[in-house]
Amino acid sequence: MASANDTIGTAITSDDLPFFNSFAELPPAFYTRLMPTPLPAPYFVAASAKAAQLVGLNADDLANDDFVALFTGNKVPPRAKPLSAVYSGHQFGVWAGQLGDGRAILLGELKGPSGPMELQLKGAGMTPYSRMGDGRAVLRSSIREFLCSEAMAALGVPTTRGLIITGSEQGVIRETVESAAVVTRMAPSFVRFGSFEHWFYRDKPEQLRTLADYVIQTFYPELAGDPNPYKALLTEVTRRTAHLMAHWQAVGFMHGVMNTDNMSILGLTLDYGPFGFMEAFDSGHICNHTDQQGRYSYANQPQIGHWNCFALGQALLPLIGSVDDTEEALEIYRPEFGQRMDALLHAKLGLATVQEDDSGLFDAMFKLMQDSHVDFTQFFRQLGNLRVDDAAADTVIRDLFIDRGAFDAWALTYRTRLRLENSHDGERKASMDRTNPKYVLRNYLAQVAIEKAQQKDFSEVSRLLAVLEKPFDEQPGNEHYAALPPDWASHLEVSCSS
Ligand code: AMP
Ligand code: MG
């Protein structure tokens, strides 16, 4: 039987953590070595046991003063090599020049059961890349990033992870004065599309190659032997990005700031700022209050994912060698997105086979959802309860619609389609319940947890985390976490302020 001592965290203090840092092996041009700036009187807010497991830590230990100091940046273990990375990027479609880790400090990597993970403190103080910023993160946005990272992981969507949040009384000025926090996030790598664009736009092909070789050798070793490994890298990143976009669309996730500096070279969801989960369905919904043009609306995400891959392709062009090869790598985006989206939609509707007019059925469904502004998560979850031969039992799902007649008409087509493959009600519901979550991080749920945390009651953060870790389970007693947003939540706005 596994004992608590199997994890590295139980027997040791933070000083003993076997940090290493392969990114720090790159030449100094790629980063600045620096120390985090301590925060006064740090306290523990929450930790994720599942994330802790990934680096062999025990979440209970993370609440100790020693680990709280470590994950606030107040002490740095001897083997850590803290650094902030430089990158650039396109923001809202416009070249923004140099950005970089303005408030994130990479401590190094820890090895876990599924490989090394980088641990990065977000909000740990100013860096040479802070520009106008203060190097800090507020408790509000740290809780949102932490909860959503872990929620997405539980939904099966590729993502960076949230390990721990610590807080401090230190005031941070945003629209109002808020309290400072540090969220420690983890990923095999935080290299972004913008990390490559940085060297392309500076006309530094040597550095571009060094970074590409590092990424290939470390994260895509299977591509190293390819006749054109850089084209293979672009192909693979394009594929992963297309799949990621399909996953986002399928769970109704909206990122809010899909700038190229927020696009992971590993195809992970990266940088949780003004994100949101679709509630009342509107394909044009814009979750980021700052994004007035709606560049990053729900409907635009797949296309923007493609645009961002083009930006990466442009940056890798000098290594790939020809425009034709670069375009060929990018061409897989549309079919990869289409196939993955199609497969996910079939799963969401509990369809085991592919039939000719399935896309017509899907299109009609989205039109129906749009016309009635039906709640995205509730609709798909309720759809699993539909019985092929009992339309009279449709009351709950029907009541989600303003135009019930329109639902009835669509449901008729859906039932005909289900009969075509002799769909079994029980089996279909079981498989749909494994793909259509009951619980997602609705903005109002995060807001309730944040407001309590701002009053020093952190219990709701942990409770909500526990609910979101099992998004597909019914969780009797927790049904209120699946409820539609209350009236007060209609005024909630999320912006880039974090
Ligand atoms: P984002 O759009 O949140 O991903 O941030 C874009 C850039 O601004 C990145 O280079 C961040 O590191 C930087 N940044 C955001 N907030 C701050 C802050 N409070 N202090 C310093 N840099 C920041
Ligand atoms: Mg960012």
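All ligand and atom numbering here is 1-based and tracks the order in the structure. Just so you know, these numbers come straight off a predicted model, no measurement behind them.
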Checklist outcome for this item: The single option from I265, T160, L268 that satisfies side chain to side chain contact (heavy atoms under 4.5 Å, CB included) with F190 is T160
Checklist entry - Parallel under 30°, tilted from 30 to 60°, perpendicular over 60°: which one fits the rings of F253 and F275? => result parallel
Checklist entry - What pair of heavy atoms forms the shortest contact from Y439 to K470, and how long is it? => result CD1-O, 4.1 Å
Checklist entry - Quick one: which of E145, E451, E178 gives a salt bridge (charged side-chain N to carboxylate O under 4.0 Å, His left out) with R140? => result E178
Checklist entry - With under 30° as parallel and over 60° as perpendicular, where do the rings of W248 and H255 fit, or are they tilted in between? => result parallel
Under 3.5 Å, which donor-acceptor pairs do the side chains of residues 35-52 form with other protein atoms, sequence neighbours left out?
residue	atom	partner	partner atom	Å
S48	OG	K50	N	3.4
S48	OG	A51	N	3.0
S48	OG	E150	OE1	2.7

Checklist entry - What class does the angle between the rings of F219 and Y214 fall in, given that below 30° is parallel, 30 to 60° is tilted and above 60° is perpendicular? => result perpendicular
Checklist entry - According to the salt bridge (charged side-chain N to carboxylate O under 4.0 Å, His left out) rule, which pairs have a member within residues 188-203, sequence neighbours left out? => result R192-D271
Item to check | Count of N, O or S atoms belonging to protein, less than 2.8 Å from the Mg ion (ligand 2) | outcome: 2
Checklist entry - Between W95 and Y201, what is the ring plane arrangement, given parallel below 30°, perpendicular above 60°, and tilted in between? => result parallel
Item to check | Per-ligand residue contacts, ligand 1, heavy-atom threshold under 4.0 Å | outcome: Y87, Q91, L99, G100, D101, G102, R103, S130, R131, G133, D134, G135, R136, R174, D261, N262, D271
